[in-house]
There are 4 protein chains.
Amino acid sequence: MAQQRPRRRRAATHQAILDATRTLLRNAGYSQLSMDGIAAHAGVGKQTLYRWWPSKASVTAEAVVAGLIAAGREIIPDTGDISTDLRTWLHTCVALFVSPEHAPLIRALTAAAADDRGEAQRLYQHFTEPHQAAVVARLRLGINAGQVRPGADLAAAADAFVGALLLQLLTANESVSAERADGLLRLMLPGLLTDWAPHAQ
Amino acid sequence: MAQQRPRRRRAATHQAILDATRTLLRNAGYSQLSMDGIAAHAGVGKQTLYRWWPSKASVTAEAVVAGLIAAGREIIPDTGDISTDLRTWLHTCVALFVSPEHAPLIRALTAAAADDRGEAQRLYQHFTEPHQAAVVARLRLGINAGQVRPGADLAAAADAFVGALLLQLLTANESVSAERADGLLRLMLPGLLTDWAPHAQ
Amino acid sequence: MAQQRPRRRRAATHQAILDATRTLLRNAGYSQLSMDGIAAHAGVGKQTLYRWWPSKASVTAEAVVAGLIAAGREIIPDTGDISTDLRTWLHTCVALFVSPEHAPLIRALTAAAADDRGEAQRLYQHFTEPHQAAVVARLRLGINAGQVRPGADLAAAADAFVGALLLQLLTANESVSAERADGLLRLMLPGLLTDWAPHAQ
Amino acid sequence: MAQQRPRRRRAATHQAILDATRTLLRNAGYSQLSMDGIAAHAGVGKQTLYRWWPSKASVTAEAVVAGLIAAGREIIPDTGDISTDLRTWLHTCVALFVSPEHAPLIRALTAAAADDRGEAQRLYQHFTEPHQAAVVARLRLGINAGQVRPGADLAAAADAFVGALLLQLLTANESVSAERADGLLRLMLPGLLTDWAPHAQ
DNA sequence: CGGTAAGCGAGACGGTACGTCGTGTCTTTCG
DNA sequence: CGAAAGACACGACGTACCGTCTCGCTTACCG
C-alpha cells in the first residue's frame with residue numbers, strides 16, 4: 001500500500017479562503033457565491049479550492065461554521081439555575097441571528113443544507129448535533145438537579161427553540177427578537193420545569 | 001391614467017410550467033433545477049417563463065406553494081377541543097414533511113427563501129403568514145373558550161411547532177416524526193392551556 | 001376552387017414599411033435590422049410584414065432597390081459620345097456608392113445577396129440585370145455608331161465597372177473615389193473604343 | 001513594465017474551430033452559421049470561441065481566409081511575360097470562385113464584410129490589400145520591363161478583375177466563367193500594355 | 001544539500017445554464 | 001373583418017461558472 005504522506009496545506013491560504021467566503025456571503029448571498037469568486041477574492045488558484053473542498057456547499061459550510069463557532073463561544077452556561085441559563089443561551093442565539101454580520105451566514109448555511117442533502121448530513125453531525133447535544137446535556141443536568149421534569153422530550157425542546165428562530169430569520173420579516181424568544185420561553189417553561197410558578201411573568 | 005389592458009396568459013401553459021417545476025424539484029432538488037430544464041420539460045419557450053416570473057426562486061415558490069396548498073386543505077380544524085385540534089394539525093404537518101412527494105418541495109422552498117430575501121418576503125406574505133394566522137386564530141378561539149391562557153404568545157407557539165419540523169427536515173437525519181411532534185406538544189401544552197392535567201403522561 | 005379575392009394591400013402601410021426599413025438600415029446595418037424593429041418603427045403589426053414578404057432579406061431587397069431606383073433615374077445617358085456617357089454614368093454610380101445615405105443600403109443589399117442565393121437570384125433579375133442591360137445596350141449603340149469595337153465583351157465591361165466600385169465599398173477603406181473610377185475608365189477605353197487616341201494621358 | 005506572459009492556446013482546438021466553420025459555411029451559408037453550431041461541431045466550449053474571436057464575422061473571416069490562402073498559393077506568377085501571368089492569375093481566381101468548395105466561403109466572406117465594417121477593415125488589411133499589392137507589384141515589374149504603360153492605374157486594374165468576379169459570384173447566375181474573364185482581359189490589355197497587338201484574338 | 005514531489009497561482013478548456021433578443025406563427029381585441 | 005398588439009415555441013446570442021486540465025514557480029521533505 002502506498003505510503004500516504006500527510007498532505008501539506010498552507011494555513012494562510014486556508015484562512016484566506018474561509019475569510020473570502022464569509023465576506024462574499026455577507027455581501028451577496030449563497031447563490032451569488034461562486035468558486036471563481038472565492039478564488040479570485042482570496043488570491044488563490046481554483047485548483048486549491050477543489051483540492052480541499054468538493055463543492056460550494058462544502059466551503060460555505062466550513063466557512064460559516066468556523067465563523068459561528070468563533071462567535072458563539074460558551075454555547076450554554078451552567079449557573080445551576082436552568083431557567084436563567086436557558087434564557088441566557090436563547091439571548092445569545094438571538095444576538096447571532098440578528099447580527100448583520102452573522103445573519104447572512106446562517107441564511108447561507110440554510111441554503112446549503114436545503115440544497116445538498118449530503119452536506120446537510122455532514123453539517124448536522126459536525127455542527128447542529130453537537131450544539132443540540134450541549135443544550136440537551138444541560139437540561140439533563142437540570143433533571144438530575146430536580147429542576148426539569150424527567151419525562152420531557154429534551155431534544156424536542158432544543159429543536160423548538162432553534163427552529164423558531166430559524167423560521168423567523170427565513171421569513172425575512174425582521175421579526176427575530178428577544179421579545180418573541182422570551183414569549184417562547186414562557187410557553188415552554190411550564191412543560192419543562194418541575195416547579196413552575198408564574199411569579200413575575 | 002392609461003387603462004392597462006390585462007395581459008392574456010394561457011392557462012394550460014401556466015399549469016404545465018408549475019407541474020414541470022414540481023416534478024423536477026422532486027427528482028433533483030433546487031440547485032439542480034434550471035429554467036432551461038423547466039421550459040424543456042413543460043414544452044414551453046424560455047421567454048414564456050421569464051415573461052411571468054423574474055427568477056428561479058419565484059417559479060419555485062409559486063409551484064411549491066400551489067402544490068402544498070392543494071395538499072394542505074383545512075389547515076387546522078375546530079372541533080371545540082383545542083388540544084385535539086393542535087395534535088391533528090401537527091400530524092397533518094408531519095405527514096407533509098415526511099411525504100416523499102412533498103418533502104423535496106419544502107426543502108426547495110427553504111432554499112429559495114434562504115437565497116433570495118425578496119422572494120422570502122413574498123413567500124411570507126402569501127404563504128407562511130396566512131398559515132400561521134390560521135393557527136393563531138384557532139388558538140385565540142381557545143382563549144375565548146377559556147381553554148388557552150390569555151397571556152400566551154400565540155405566534156411564538158406557531159413558530160415553534162413549524163420551526164421545529166423545518167429544522168428536523170433540514171438536518172436530514174430522517175427524524176421528522178410524529179413521536180417528536182407529540183413530545184413537543186406535551187412540552188407546550190402546560191404553558192398554553194389553562195387547565196392542564198398531566199394525566200396519562 | 002375557392003374564389004381568390006384579390007388581396008387588397010394598403011399603399012400607405014407598404015410605403016411606411018419600406019421607409020422604416022431604409023431608415024433602420026442606414027442607422028445600424030443589415031444584421032442589426034429586425035422584423036420586430038421594422039414593424040414597431042412603421043407602426044404596423046408583424047403579421048402584416050409576413051403577409052407580404054417571406055424574410056428579412058426580402059424586405060431589405062425591395063426597400064433598398066426601391067430607394068436606389070428612385071435615386072438612380074436615367075441610368076446611362078445617350079449624348080452620342082460613348083466616352084462622355086460612360087464617364088457620366090460612372091460618376092453617377094460613384095456618387096451613389098459614396099453617399100452616406102445610400103452606401104449602407106448597398107452594403108445591406110450585398111449582405112442579403114451574399115447570404116441568400118434565392119434572394120440574390122431575384123435581385124439579379126429585378127435590379128442588377130436590367131441595370132447592366134441598359135449599359136450594354138448603350139454600348140451596343142456605340143458599336144452601331146462605329147465608336148465601340150464590335151468584338152468587345154460588353155457585359156464584362158459593365159461587370160468590371162460596377163464590380164470594382166462594389167469591391168472598394170466592401171473593403172471599407174473609404175477609397176471609392178471619382179479618381180479611381182477615372183483611372184479605370186482610362187484603362188478600359190483603349191480596349192473598348194475603335195479610335196482611341198492617348199491625348200491628355 | 002509587466003512581462004505579459006503570452007496566453008497559451010491549444011493549436012488543435014484552434015484548427016478544429018476553423019475547420020468546423022468552413023464545413024458549416026459550405027453546408028448552409030453565413031447567416032445560418034451560429035457560434036453555438038461552430039462550438040458543437042468542433043467539440044469546443046463556446047467560451048473558447050469568444051476568448052479568441054469577438055464575433056461570428058471574425059471567425060468567418062479567419063476561417064475563410066486561412067482556407068483560401070491554403071488554396072491560392074503562388075498568388076501571381078512571374079514568367080517575364082505580363083500578359084501570360086495575368087491570364088494565369090485570373091484563371092486561378094476563376095477556379096477558386098467556381099469551385100463548389102470555395103465559392104460558399106467567398107460568399108460568406110463577402111457577407112461578413114458587408115455586415116461588419118470593422119471586420120471589413122481588418123479583412124482588407126490582412127487579406128485583400130496584400131493580395132492586391134502582389135498583383136500591383138507584378139504589374140510594376142511590367143512597367144520596369146517596358147511591358148506596361150507607366151501611367152496606368154494599377155490598383156484600379158486589380159480592383160476591376162477581382163470586383164468583376166465577385167459581382168458575378170454574388171448575382172448567383174452561375175456566370176463566373178473563364179470566357180468572361182478572358183473577355184475582360186482582352187478589354188483591359190490594350191489600356192495596360194505598351195505594345196498591344198490584337199494578333200490571335 | 002541538492003533532487004524531487006507536492007502545493008500553489010494562473011488560466012485555457014469542454015460544458016451547462018443564464019437571461020435577452022429575434023423569428024415566424026397564432027390568437028385575441030379593437031376600430 | 002382586417003390590422004394592431006402581443007403571447008407563444010424555438011433557438012442563437014454573449015456571459016458567468018462549473019470542475020478538470022495543464023503550465024511554471026515555489027517550498028519543504030528526504031535521501
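Note that the structure is a prediction, hence the values are computed from the model and not measured. Below, chain A is the first sequence line, B the second, and so on; all start at residue 1.
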d([atom1], [X]; [atom2], [N]) in whole Å:
{"X": "B:Ile38", "N": "F:dC10", "atom1": "CD1", "atom2": "P", "answer": "16 Å"}
{"X": "D:Trp53", "N": "E:dA12", "atom1": "CH2", "atom2": "P", "answer": "14 Å"}
{"X": "D:His41", "N": "F:dA12", "atom1": "NE2", "atom2": "C1'", "answer": "17 Å"}
{"X": "C:Leu49", "N": "E:dT25", "atom1": "CG", "atom2": "P", "answer": "12 Å"}
{"X": "B:Arg10", "N": "E:dT28", "atom1": "CZ", "atom2": "P", "answer": "8 Å"}

With a non-hydrogen cut-off below 4.0 angstrom, is [X] in contact with a base, only sugar-phosphate, or nothing?
{"X": "D:Arg51", "answer": "base"}
{"X": "D:Trp52", "answer": "sugar-phosphate"}
{"X": "A:Gly37", "answer": "nothing"}

| field | Proximity to the side chain of D:Arg9 - top-ranked nucleotide from E:dC13, F:dC8, E:dT29 | value | E:dC13

| query | Between F:dC8, F:dA4, E:dC8, which one does the side chain of C:Val44 approach most closely? | reply | F:dA4

| query | Is there a side-chain contact between A:Ile17 and A:Trp53 (heavy atoms, below 4.5 Å)? | reply | yes

| message | If you compare every side-chain N and O of A:Thr48 against the phosphate oxygens of E:dG9 (OP1, OP2), does one of them come in below 4.0 Å? | response | yes

| Reckon C:Thr13 has a side-chain N or O less than 4.0 Å from the OP1 or OP2 of F:dA3? | no

Just the table, please: protein N/O against nucleotides 20-22 of chain E N/O, every pair under 3.5 Å.
residue : atom : partner : partner atom : Å
E:dC21  : N4   : B:Gln47 : NE2          : 2.4

| Residues which pass side chain to side chain contact (heavy atoms under 4.5 Å, CB included) with A:Ala103, listed by chain and number, not counting sequence neighbours | A:Arg107, A:Leu169

| field | Partners meeting side chain to side chain contact (heavy atoms under 4.5 Å, CB included) with A:Arg22 (sequence neighbours left out) | value | A:Gln15, A:Leu18, A:Asp19, A:Arg26, A:Ala63, A:Ala66, A:Leu105

| task | Step through the shown structure and confirm whether more than 12 heavy atoms of other residues, nucleotides or ligands are within 6.0 Å of CZ on D:Arg10. | result | no

| note | salt bridge (charged side-chain N to carboxylate O under 4.0 Å, His left out) filter on A:Glu62, not counting sequence neighbours, yields none

| Which pairs pass ring-ring contact (aromatic ring centres under 6.0 Å, His included) with one or both residues in residues 16-52 of chain D, sequence neighbours excluded? | none

| said: If you assign C:Pro54 and B:Ser55 each to the DNA chain E nucleotide with the nearest heavy atom, which residue ends up on the more 5' nucleotide? | reply: B:Ser55

| task | Could you tell me which residues satisfy side chain to side chain donor-acceptor pair (under 3.5 Å) with B:Ser58, sequence neighbours excluded, listed by chain and number? | result | B:Glu119

